[in-house]
Amino acid sequence: MLTHLPILQVIVPLLAAPLCIFLRRPPLVWLFTLIVSSLAFVISILLLQQVMASGTIVYELGGWDAPWGIEYRIDALNAFLLLIITAISTVVLLAAQTSISKEIPKEKHMLFYTLYLLSLTGMLGIVATGDAFNVFVFLEISSLSAYALIALGKDRRALWASFQYLIMGTIGATFILIGIGLMYQMTGTLNMEDLSTRLPEVAQTRTVFVSFAFVIVGICLKLALFPLHLWLPNAYTYAPSIVTAFFAATATKVAIYLLIRFSFSVFGLSFSFTTLPLQILFMVLGLSGIFVASIAAIYQTNIKTLFAYSSIAQIGYMIVGFSVSTVTGLTATLLHVFNHALMKGALFLALGAVMYRIGSVQLSQFQGLGRQMPLTMAAIVIGGLSLIGVPLTVGFVSKWYLLMALIEQGWWPVAVLIVLGSLLAVVYVWRLVEIAYFKPQLVGKESVKEAPLSFLIPIWILVMANIYFGIDTRLSVQVAQAAAQSLFGVSP
Amino acid sequence: MKDLVAVVMLAGIYGLLSACFFVAMDAVDVAFTEASVGAGISTLLMLVAITMTGRSEQAARHKPALAFVVVVITGGLLIYGTLDMPYFGAVDAPIQVHVAPRYINDSMQEVGVPNIVTSVLASYRGFDTFGEAVVIFTAGIGVLTLLPVLRSRKGDDAVESLNDSMHEQHLIVRIVTKILIPLILLFALYVQFHGDFGPGGGFQAGVIFAAAIILYAMLFGLEVARRVINQTFIQFAAAFGVLLYGSVGLVSLLNGGNFLDYSVLSADPIAGQHLGILLIELGVGCTVTSVMVIIFFHFAGRKEDKQRMKEEEVG
Amino acid sequence: MLIGLYNYWIVVVLMMIGFYIVIAHGNLIKKIVGLTIFQTSVFIFYISMAKVDGGTAPILADGIERYSNPLPHVLILTAIVVGIATTALALALTVRIKEAYGSIEEEHIQEKDNQAC
Amino acid sequence: MDVAIEITSSICLLIGSFLCVSGGVGILRFPDFYTRMHAAGVTDTLGAGMILIGLMLQSQDFLVFAKLVMILLMMLFINPTASHALAKSAIHNGLKPVLDIKERNNTESESSSR
């Protein structure tokens, strides 16, 4: 069975989704989803071990060899991403039943879990596959379920946010489809490995250049890279808390993965970064993303929107690391992908707990919450510190690597800007802390209890992970470095 | 153009024309699908949606300048990209010489199905098709969550009386439809099982099958159709199709092959391929039919339920 | 060169018409229609690259030597299904938006949202 | 014999195409919904029918011939029914046929905006 791990990774949640329809009873479905997700988590650990021990795993679907059939190709990068996605999904699911009991009508619970599993499947499928068109198919699975999940939010604005996301997402997917088509037309193949060997022959043609542009723009739409980020804040704000926690921690990471995969593995480093001014372009976009989104975050009164904007800013950091295009830079990006998943997972889950207790996440509602929900608020504070990049949290590790990468290249001004950007994070996190801890409780407001255990456990698992991986960086750095090196090894 | 019905009909005509174009380009399977989807189902769904959202567009300012610039840049980029393309219909284009020749030359020995599109779809790239079935399943679940049934049940008598009055109204159409529906179902089955030899397959058959049921629902009333086709049952059917597809893959996994490797399903690889393709096409057909019916029922049902609730409020 | 590529140029124009409708129009139904046109044009693009001069439909028969490339056909079959799935979901959303906001014009919806804030 | 079949089939095809085109012109030029429907319904049934007959004459294969006959039968069933349903729903929803030239001028703006 071990040889079938790559496909089981995707197939287990996929087949579990229709099974949910047969189970129907919500608590049962929740338990089932949780078991399936943990199973996927275990599989991803095994996969990562295998990859670290013996290198890339190739799995041919249907028994057809690569350019003719579809293959799954798992290297360190994929395995790392698979691990992040399944881990976050499992932890978030722990809190799901409690959280959605207040946010989603009961008869929709079964459908919620089905969609959740489908969305998980889609992301895993995108990451695991080695076939360009298969990426598109699974991208659509994850996006369609994402639209429906976001529209489940209570507020009517959830519908509008979902529709905007749908339009943007579909345009993005269609752009990717056009790009893949052009690529296919010039090479005659859809397999990524095959593409990477055949593209250099035609790298000088205008068609390949355009295909690259379309794929990258399409991915950036999905990634919500500044200035294509407009759909993200609303979508994250009005979606059910669990959905926000899950997507904020995983969805953009998958897009980052695609960006790295296409520009490094498929098109090759020399094409992506030497023939095109991509380095400068992404550097500028990343930096302006950091600043614009951070400043926008400062002015938000809805905490979910605030952290949604902060997500866009964090994407900026990842993009800056990516644009350095050295092993250290890429390591920083991958580390930040991992770390950001941990912090945003913790933060949005904690917000979910607040939502559960007081039914709102407006800034004003946080008055005095520091004493009433001490554990939840402490989690938010630690998550916020991590966002800023305070030492002993994971945020520090990835920023440290990012600065190292920049200094290695001698890009001092950019490094200074990055530090400045982090200061902006201090401002928005401080606003929250100030209100929660230093403002008295609203007069006449009922006192609220601490969040239930089903929330606290997953939140604190993530918070502890935030601290643990901030101190003991061996595991995450080792894997990220291996992934980055393999990318540079494949395409020197 | 402010009348949305006209807009939707024109979009449907565009779908039909592109289907004709696909025939001219030798893509018969695609043409079949586009005709049933682009001109059929999607137009129908849009029309149903319009009955709920209002028929005419309100005059509104929009910002054509910016959009125009974006479009011109994108279009210009694409035109620029076409300049180095192999010419239209070129025999020595990369796509004609790299992967495709194996499909054309060897698929008969390896899969044993004359329709190459079917053999690529179901066997070589069977996993894409699995993804496709899951996408359509996702859409079904999505519509279920977005448009749940707002059942405020009146008694069955009301349905009956409504039924009687409708019966008189649509006598001719109903009788013709009664003759047609069995034929449509028969044709759907033909498309389903003839997909190996000619254009057709699970997806097209599913859409046609669903079209028959939708036709029935439109003429004999949604309530009647809902009673014939139980809601829970149809959801089960949608899930079952995906499961059937997946379990074919799992069985081949247990038989020692890779996922979706049909050759190990039977002692003779070709027979195994045939069996596998048959089963997965059935799975796709099952899912597509039920999802299309679910989508239609929930759109049209939403409208009827709303109307009924309004009447009850007034009455 | 004109003859060799004109097909693609027409496709590009069609695509851009669809794309323009999506981003320029405020009516949600029109946006969806634009999206289908955009997608259908991409399908046409794929199918036109599969065509071979003198080829026939890729169904094996005796006495025929040259077939069109079946792979793009397969891809587009999948893409059509994806397209209809997206359309169905978008329409469902539109219906809900109409119920919640009483309008399907982008402007009105945004106005109402701003008032609510 | 072959020549005779060829000629008959060409004539059928020509008539059919002509009818289809005239139907199209009718849809554009006729004054109101019902006359337009008449143009579409009648000429389409006959036009498509003639084309089908023309094709039948040319078919070598029995299978093709049988399929064409099936299509023809289907058309003869469906087209009138569809026209009937259209006309009926139009009249149910209160669309009045234009009967007089004077009236026509009044309603023209209304019907042309559709």
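The contact between C/Glu99 and chain B is made entirely by side chain atoms (from C-beta outward), counting heavy-atom distances below 4.5 Å. Neither the backbone nor the side chain of B/Ala133 comes within less than 4.5 Å of any heavy atom of chain C. Contact of B/Pro101 with chain C is not made at all, since no heavy-atom distance falls under 4.5 Å. Heavy-atom distances place no part of C/Thr86 under 4.5 Å from chain B, backbone and side chain included. If you measure heavy-atom distances from C/Phe45 to chain B, the contacts under 4.5 Å come from the side chain alone. Heavy atoms of C/Ile104 lying under 4.5 Å from chain B belong exclusively to its side chain. For C/Lys51, the parts lying near chain B are the backbone and the side chain together; criterion is any non-hydrogen pair under 4.5 Å. Interface remark: C/Thr78 contributes backbone and side-chain atoms alike to the contact with chain B (heavy atom separation under 4.5 Å). Contact of C/Leu91 with chain B is made through backbone and side chain together, with heavy-atom distances under 4.5 Å. In this structure, the portions of C/Thr94 lying under 4.5 Å from any heavy atom of chain B include both its backbone and its side chain. When heavy atoms are compared at a cutoff of 4.5 Å, B/Thr118 does not approach chain C at all. With a 4.5 angstrom heavy-atom cutoff, B/Leu146 touches chain C via backbone and side-chain atoms both. B/Ser36 does not touch chain C: none of its heavy atoms, backbone or side chain, sits under 4.5 Å away. Interface remark: C/Ala88 contributes backbone and side-chain atoms alike to the contact with chain B (heavy atom separation under 4.5 Å).
Heavy-atom minimum distance, C/Val74 versus B/Val117: CG2-O, 3.7 Å. What you find for B/Ala11 and C/Val33 is that their closest heavy atoms are CB-CG1, 3.7 Å. Closest heavy-atom contact between C/Tyr20 and B/Ala67: CE1-CB, 4.0 Å. The minimum heavy-atom distance between B/Asp26 and C/His73, with the atom names listed, is O-CE1, 3.5 Å. Residues C/Ile59 and B/Phe197 approach most closely at CG2-O, 3.3 Å, considering heavy atoms. Listed here is the closest heavy atom pair of C/Met49 and B/Gln96: O-NE2, 3.6 Å.
At least one side-chain heavy atom of C/Ile44 sits less than 4.5 Å from a side-chain heavy atom of B/Phe22. Under the 4.5 Å side-chain criterion, counting only non-hydrogen atoms from C-beta, B/Leu121 is in contact with C/Leu77. Counting heavy atoms from C-beta on, the side chains of C/Leu5 and B/Phe88 never come closer than 4.5 Å. Between C/Ile84 and B/Ile41, some side-chain heavy-atom pair lies under the 4.5 Å cut-off. Under the 4.5 Å side-chain criterion, counting only non-hydrogen atoms from C-beta, C/Ile29 is not in contact with B/Val7. Within the 4.5 Å cutoff, the side chain of C/Trp9 has no heavy atoms near those of the B/Leu78 side chain. Under the 4.5 Å side-chain criterion, counting only non-hydrogen atoms from C-beta, B/Met46 is in contact with C/Thr36. For the pair C/Ile76/B/Glu34, no side-chain contact is recorded, criterion being any heavy-atom separation below 4.5 Å from C-beta on.
Note: B/Ala27 leads B/Ser42, B/Ala27, B/Ser107, B/Gly38 in heavy-atom pairs under 4.5 Å with chain C. In terms of heavy-atom pairs under 4.5 angstrom with chain C, the leader among B/Val23, B/Val71, B/Val91, B/Thr33 is B/Val71. Across B/Asp128, B/Val135, B/Ile95, the residue that shares the most heavy-atom pairs under 4.5 angstrom with chain C is B/Ile95. Each of C/Thr56, C/Val52, C/Val81, C/Ile37 has some count of heavy-atom pairs under 4.5 Å with chain B, and the biggest count is that of C/Val81. Of the listed residues (B/Ile79, B/Val143, B/Val288, B/Thr138), the one with the most heavy-atom contacts under 4.5 Å to chain C is B/Ile79. If you tally non-hydrogen atom pairs under 4.5 Å between each of B/Val99, B/Asp29, B/Val291, B/Leu147 and chain C, the highest count goes to B/Leu147. Comparing C/Gly83, C/Pro72, C/Ser41 by heavy-atom pairs within less than 4.5 Å of chain B, the highest count is held by C/Ser41. Among C/Val82, C/Ile32, C/Val11, C/Val12, the residue with the largest count of heavy-atom pairs under 4.5 Å with chain B is C/Val12. In terms of non-hydrogen atom pairs under 4.5 Å with chain B, the most contact-rich of C/Ala79, C/Pro70, C/Ser103 is C/Pro70. Between chain C and the residues B/Ile295, B/Thr129, B/Val113, B/Thr74, the most heavy-atom pairs under 4.5 angstrom are made by B/Thr74.
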- With side chain to side chain contact (heavy atoms under 4.5 Å, CB included) as the test, would you mind laying out the steps for B/Phe299 and C/Val95 before giving the verdict? CA-CA 9 Å; B/Phe299 269 95; C/Val95 170; 3.9 Å; yes
- Item | Residue pair B/Ile104, C/Arg66: steps toward the side chain to side chain contact (heavy atoms under 4.5 Å, CB included) verdict | CA-CA 9 Å; B/Ile104 293 171; C/Arg66 191 177 279 174; over 6 Å; no
- Message: Checking C/Leu14 against B/Ser18 for the side chain to side chain contact (heavy atoms under 4.5 Å, CB included) test, could you report, in this order, the C-alpha distance in whole Å, the side-chain angles of both residues, the deciding distance, and whether it holds?
- Response: CA-CA 11 Å; C/Leu14 286 173; B/Ser18 57; over 6 Å; no
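Between the OG atom in C/Ser68 and the CE atom in B/Met25 there is a gap of 8.5 Å [rounded to 0.5 Å]. We find the CG-CG distance between B/Leu4 and C/Leu28 to be 10.0 Å, quoted to the nearest 0.5 Å. Atoms CG and CD1, from B/Leu66 and C/Ile23 in turn, are 7.5 Å apart once rounded to the nearest 0.5 Å. Going from atom OH of B/Tyr14 over to atom CD1 of C/Ile17 covers 8.0 Å, rounded to the nearest 0.5 Å. Within the model, atoms CG of C/Asn69 and OH of B/Tyr103 stand 9.0 Å from one another, a figure rounded to the nearest 0.5 Å. Distance check: C/Arg96 CZ to B/Thr53 OG1 gives 14.5 Å after rounding to the nearest 0.5 Å.
Side-chain N/O atoms of B/Thr82 and C/Tyr6 include no donor and acceptor closer than 3.5 Å.
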